[in-house]
*Asks:* 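Next up is a structure, given as structure tokens.
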Amino acid sequence: RGMRFKVGVDEVCELLTVLRSREGFTRKEWQELKGIFLHFCPDGENELPVQGVGRALRWVGHPCSLDSLRSIMADIDAAGSFAMSLDFALFLKLVRKCRDGERQSAVQTFKRFDVSANGMLSWSDTLRALAWLGCVDRNGRPPVKACKELAEVDLHRFVQIVQRFRAETLEETRHNAGFNDVDVHNFEVLFKKFDTDGSGDIGRKELCRLIECFFPAYAHSPDWRPHLIQLLHDADTDGNGALDFEEFLALMRTITEQ
């Protein structure tokens, strides 16, 4: 016989209160998010400046464009109470909103590839769906364990595969300025194209040609010129006047978030 526990109304209410205060995160997740939040807060402060929100979200595993971030922030804080900064409670709401959005994206993708509407995906359709979500490596391979999944995958298992991929690649994504392996591969090709002398870094002249090609608004607008100069200065962390691939990735992340 299983053990039986009597739970009163007060205990249930207390449990629901705790869960709401954590935005549905477990104690371990809450503690980890708290540490990340404080890490990106200025020293001695308990509020995160808006300009640091994107970096904090990338570290959590939710890189997003500036427009997407603004939309999410407006949705969870219609009163605009964190126009300049946000506290930990709002940061939790923001992370939860991002996670909910990613799960919804996985659900919608599953339905997109479930053309027979039988609630199951063949393995070939599963691979296409994972590639659509960016949950494959640069060679188109899915998570290792996913190869051992059943021949057909239902919605619950598909979402699990997506979540597992994101968790397993989090450290790599953090190192790569929030870009996944496919993005990094594409940037590597681009980097080598403009690294004309094969030195392993892009000098200022080479970088100017790249920016003129892909970001003409930055290169040819007098208004953007000072901003571009500051971006290049910030990206060149070692101050040698050139960008190695890691610095180049950081610059691309900054530009894509503008």
Side-chain angles (χ1 to χ4, degrees), residues 23-26 28-29 32-33 36 53-69 71-72 75 92-191 245-246 248-250 252-257:
E23 290 294 329
F25 293 108
T26 65
K28 181 179 179 181
E29 290 173 330
E32 181 180 359
L33 289 172
I36 292 172
V53 173
R55 293 192 297 273
L57 285 178
R58 286 201 305 273
W59 197 258
V60 174
H62 304 297
C64 59
S65 67
L66 183 60
D67 287 341
S68 297
L69 181 57
S71 176
I72 296 172
D75 186 43
L92 278 182
K93 291 180 182 293
L94 184 60
V95 175
R96 176 188 51 78
K97 193 74 174 178
C98 289
R99 289 193 179 184
D100 290 348
E102 288 189 354
R103 188 183 188 286
Q104 185 60 33
S105 178
V107 171
Q108 292 174 348
T109 300
F110 180 92
K111 293 179 178 179
R112 176 189 182 92
F113 287 88
D114 181 19
V115 293
S116 61
N118 67 350
M120 301 293 290
L121 293 183
S122 67
W123 183 239
S124 59
D125 285 336
T126 299
L127 289 178
R128 285 193 286 271
L130 290 172
W132 180 269
L133 288 170
C135 294
V136 293
D137 65 16
R138 64 183 62 190
N139 297 310
R141 293 189 296 254
V144 174
K145 291 182 180 179
C147 298
K148 300 178 182 179
E149 305 285 345
L150 300 176
E152 290 187 320
V153 176
D154 63 15
L155 175 59
H156 177 69
R157 189 177 295 273
F158 179 77
V159 172
Q160 283 185 326
I161 294 173
V162 172
Q163 292 174 336
R164 187 168 67 232
F165 176 87
R166 298 273 164 77
E168 291 175 350
T169 58
L170 179 57
E171 285 301 325
E172 183 179 5
T173 302
R174 286 173 173 173
H175 178 73
N176 292 327
F179 293 113
N180 62 35
D181 192 47
V182 175
D183 293 331
V184 172
H185 173 66
N186 292 334
F187 279 125
E188 284 176 348
V189 174
L190 184 63
F191 184 85
F245 184 64
E246 186 174 338
F248 172 74
L249 275 184
M252 292 299 100
R253 169 55 64 190
T254 300
I255 289 178
T256 57
E257 290 184 345

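Not measured: the values here are computed from a predicted model.
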*Asks:* Got a second to check how far L92's CG is from E29's CD, nearest 0.5 Å?
*Replies:*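 With rounding to 0.5 Å, CG (L92) is 10.5 Å from CD (E29).
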*Asks:* Got a sec, which residues hit side-chain contact (heavy atoms from CB on, under 4.5 Å) with L170, two or more places apart in sequence or on another chain?
*Replies:*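 L170 satisfies side-chain contact (heavy atoms from CB on, under 4.5 Å) with R174 once adjacent residues are dropped.
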*Asks:* Is the shortest heavy-atom distance from the side chain of Q104 to the side chain of D100 under 4.5 Å?
*Replies:*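 In short, these two side chains do not touch, never coming nearer than 4.5 Å.
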*Asks:* Nearest 0.5 angstrom please: R138 CZ to H185 NE2, how far?
*Replies:*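 Between atom CZ of R138 and atom NE2 of H185 there are 6.5 Å.
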*Asks:* Return the CE to CG distance between M252 and L190, rounded to the nearest 0.5 Å.
*Replies:*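 The distance works out to 7.0 Å.
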*Asks:* Take atom CD of E188 as the centre, draw a 6.0 Å sphere, and report whether it contains more than 12 heavy atoms from other residues, nucleotides or ligands.
*Replies:*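 Yes.
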*Asks:* Measure across R157 and V153 and return the closest heavy-atom pair with its distance rounded to 0.1 Å.
*Replies:*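 Minimum heavy-atom separation between R157 and V153: CB-CG1, 3.8 Å.
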*Asks:* Does a side chain donor of either Q160 or H156 reach within less than 3.5 Å of an acceptor in the other side chain?
*Replies:*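 Yes, side-chain donor-acceptor contact under 3.5 Å.
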*Asks:* For S122, check side chain to side chain donor-acceptor pair (under 3.5 Å) against everything at least two apart and list the hits.
*Replies:*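 S122 satisfies side chain to side chain donor-acceptor pair (under 3.5 Å) with S124, D125 only.
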*Asks:* Taking C-beta and beyond as the side chain, do D181 and T169 meet within less than 4.5 Å on heavy atoms?
*Replies:*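 Sidechains of T169 and D181: no contact.
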*Asks:* How many angstroms lie between atom CZ of F110 and atom CG of L130, to the nearest 0.5 angstrom?
*Replies:*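 Reported value, rounded in 0.5 Å steps: 11.0 Å.
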*Asks:* At their closest point, which heavy atom of C135 faces which heavy atom of V162, and how far apart are they?
*Replies:*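 Closest approach of C135 to V162, heavy atoms only: SG-CG1, 3.9 Å.
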*Asks:* Which residues satisfy the side-chain contact (heavy atoms from CB on, under 4.5 Å) test with N186, sequence neighbours excluded?
*Replies:*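 N186: side-chain contact (heavy atoms from CB on, under 4.5 Å) contacts with V182.
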*Asks:* Please give me the minimum heavy-atom distance between F179 and L249, naming the atom from each residue.
*Replies:*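 For F179 and L249, the tightest heavy-atom pair comes out as CE1-O, 3.5 Å.
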*Asks:* Are the side chain of R128 and the backbone of F113 linked by a donor-acceptor contact shorter than 3.5 Å?
*Replies:*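 Absent.
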*Asks:* Taking all non-hydrogen atoms of both residues into account, name the closest pair between C98 and H62 and its distance.
*Replies:*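 Heavy-atom minimum between the residues: CB-CG, 3.8 Å.
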*Asks:* Please report the closest heavy-atom contact between V159 and A106, naming both atoms and the distance.
*Replies:*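 Reported closest heavy-atom pair: CG2-CB, 4.4 Å.
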*Asks:* Any heavy-atom pair between the side chains of F25 and V95 that's under 4.5 Å?
*Replies:*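 Counting from C-beta outward, V95 and F25 do come under 4.5 Å.
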*Asks:* Which label fits F191 and F245: parallel for a plane angle under 30°, tilted from 30 to 60°, or perpendicular past 60°?
*Replies:*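 Taking F245 first and then F191, their aromatic rings stand perpendicular (interplane angle over 60°).
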*Asks:* Kindly compute the distance separating CZ (R99) from CD (Q163), expressed to the nearest 0.5 Å.
*Replies:*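 Nearest 0.5 Å value for the CZ-CD distance: 9.0 Å.
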*Asks:* How long is the span from the CG atom in L33 to the CZ atom in R96, to the nearest 0.5 Å?
*Replies:*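 So the gap between those two atoms works out to 12.5 Å.
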*Asks:* Looking at T109 and S105, would you say the former's side chain and the latter's main chain have a donor-acceptor pair under 3.5 Å?
*Replies:*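 Yes: the side chain of T109 pairs with the backbone of S105.
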*Asks:* Could you check if a side-chain atom of R166 sits within less than 4.5 angstrom of a side-chain atom of L133, using non-hydrogen atoms only?
*Replies:*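 In contact.
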*Asks:* Just by modelled atom types, is the G178 backbone N or O under 3.5 Å from a matching donor or acceptor in the R58 side chain?
*Replies:*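 Looks like no, no N/O pair under 3.5 Å.
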